[in-house]
Number of protein chains: 2
Amino acid sequence: MDFAPIDRVYRDCVNENVPNVTVQRLPVYLSCLESLGTERERVSSEELATLAGVTPAKIRKDLSYLGTFGVRGVGYDIEHLRFQIRVVLGLEEEWPVVIVGVGNLGRALANYGGFQEHGFDVVGLFDADPAKVGTEYDGMLIRSLDELGPTIHESGATIGIITTPASAAQATAQALADAGIKSILNFAPVVIKPPGDVDIRRVDLSTELQVLSFYLHRRGVDVE
Amino acid sequence: MDFAPIDRVYRDCVNENVPNVTVQRLPVYLSCLESLGTERERVSSEELATLAGVTPAKIRKDLSYLGTFGVRGVGYDIEHLRFQIRVVLGLEEEWPVVIVGVGNLGRALANYGGFQEHGFDVVGLFDADPAKVGTEYDGMLIRSLDELGPTIHESGATIGIITTPASAAQATAQALADAGIKSILNFAPVVIKPPGDVDIRRVDLSTELQVLSFYLHRRGVDVE
DNA sequence: ACATGTGAAGCGCTTCACAGCG
DNA sequence: CGCTGTGAAGCGCTTCACATGT
């Protein structure tokens with residue numbers, strides 16, 4: 001582990017109690033800052049708020065939980081703020097991750113721009129299909145599930161990503177837990193019962209669509 | 001998870017008194033109910049809460065916003081509750097959607113189980129790459145962007161999904177807006193400026209990973 | 001007896017408004 | 001003067017506790 005950035009966090013970071021909702025917005029802010037490029041130097045809370053789709057007060061409040069990054073009367077230095085958010089999110093560290101399930105979604109994540117860019121290093125691809133095992137994707141060997149343990153041990157991976165079919169997700173979570181993984185991101189459309197003290201986060205790609213559906217539906221109903 | 005700037009987009013659409021956070025949990029409840037299968041008949045708020053990873057009180061409160069679906073002293077009829085949630089979410093309607101960008105992610109969504117199951121019908125695949133246009137995926141013709149307008153008009157699609165590279169996302173959103181789409185789900189890792197009065201919801205696959213990183217990072221710091 | 005449905009209390013996030021500082 | 005940083009007020013969600021109904 002690289003401790004230098006951690007020291008930096010605690011030097012100028014309040015960081016005792018960052019609200020969950022704030023943590024969840026930080027990636028959005030980061031993404032907006034990245035979209036501003038390197039030509040400009042400063043950004044105001046107002047402009048950043050417009051980009052992120054929130055209010056300026058929320059931006060300032062959220063950032064105040066992390067530290068004092070702005071300059072009164074001026075705004076925020078884009079490069080500096082970008083770095084600080086990355087440090088707080090732990091993105092200046094390298095996070096080795098393994099992906100289980102090399103279907104379309106697994107492949108999409110394996111070379112997803114947002115991963116490398118944020119310090120997530122895919123160190124292992126695994127699949128249960130013997131036809132896939134031994135082949136390569138994007139220059140990476142696809143391994144059998146038997147090799148989960150050794151690979152995770154060698155690479156020091158702490159995060160596992162499940163992109164298997166729903167039917168295989170629970171067993172995969174168990175296998176990851178057995179192999180020593182402590183945090184799992186589950187993309188399979190099913191709820192997994194946590195094996196042991198593993199932290200499981202679910203990302204359901206159809207959830208957003210269902211939420212969209214609710215509001216479209218509701219709007220249509222209102223019109224009548 | 002997302003939990004992003006939904007408040008801004010839909011704040012004034014919620015005329016009924018269903019909290020946004022409740023709407024975002026409904027797909028999770030639905031998924032849990034689906035995982036219970038058809039053999040059992042009833043489920044308690046306590047059991048459903050355990051499956052969904054929330055408290056029983058939250059389940060009951062959330063459901064109370066939608067109606068009175070349970071039976072006191074007994075619990076909820078699984079099949080009935082499942083249907084009611086689907087109705088509230090508008091999933092008993094058919095939602096034609098188009099997908100722009102037939103890379104790994106586009107293909108993953110095109111035959112994603114969670115879509116068909118919830119009434120989302122993929123009626124068009126589009127890609128800017130001339131090499132892909134004219135070929136088929138999963139029995140569907142991949143069309144050129146020129147055909148966006150006609151296809152959307154014929155099919156009555158109201159939802160567009162962007163799975164292009166980040167660099168093409170803004171132009172794609174504009175094209176979808178021009179073609180009459182009013183709701184966009186953006187999977188490209190970039191923030192899109194809404195063209196006109198289009199509602200844009202962003203799904204960043206790396207956001208959850210970044211949130212995970214924050215908590216892992218901080219846990220590591222706390223241990224010292 | 002038992003589990004839901006629900007006012008009311010509690011709590012955390014959002015927004016306001018202005019103090020603080022370049 | 002301009003924009004950030006921040007107590008305090010406001011608001012919405014969560015949790016509690018028990019009335020309600022079968």
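So you know, we letter chains A, B, ... as the sequences are listed, proteins then strands, and number each from 1.
Considering only residues two or more places apart in sequence or on other chains, B:D77 meets the side-chain hydrogen bond (donor to acceptor under 3.5 Å, both in side chains) condition with none of them.
The local environment of CD in B:E117 is crowded, with over 12 non-hydrogen atoms from other residues, nucleotides or ligands closer than 6.0 Å.
The phosphate of D:dT14 has OP1 or OP2 within less than 4.0 Å of a side-chain N or O from B:R25.
If you measure from atom CG of A:D62 to atom P of C:dG12, you get 16 Å, rounded to the nearest angstrom. For B:E47 and C:dT4, the CD to C1' distance is 15 Å, given to the nearest whole Å. Rounded to a whole Å, the CD atom of A:Q24 is 15 Å from the C1' atom of C:dT14. If you take CD1 of B:I59 and P of D:dT15, they are 12 Å apart, rounded to a whole angstrom. Between the NZ atom of A:K58 and the P atom of C:dA17 there is a distance of 17 Å, given to the nearest Å.
Under the 3.5 Å distance criterion, with hydrogens and angles disregarded, a donor-acceptor pair is assigned to the side chains of A:S31 and B:R202.
In the set D:dT14, D:dC13, D:dT15, D:dT14 carries the atom at the smallest distance from any side-chain atom of B:Y65.
If you check every strand for non-hydrogen atoms under 4.0 Å, A:T22 touches nothing.
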Nucleotide by nucleotide, nucleotides 2-9 of chain D touches protein heavy atoms under 4.0 Å in the pattern (B base, S sugar-phosphate only, - none) BBBBBBB-
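Evaluation of the ring pair (Phe, Tyr, Trp, His ring centres under 6.0 Å) test over residues 98-117 of chain B, restricted to residues two or more places apart or in two chains, returns B:Y112-B:F115.
In this structure, B:I99 CD1 and B:L109 CG are separated by 5.5 Å, a value rounded to the nearest 0.5 Å. Residue B:Q210 holds its CD atom at 5.0 Å from CG of A:L91, rounded to the nearest 0.5 Å.
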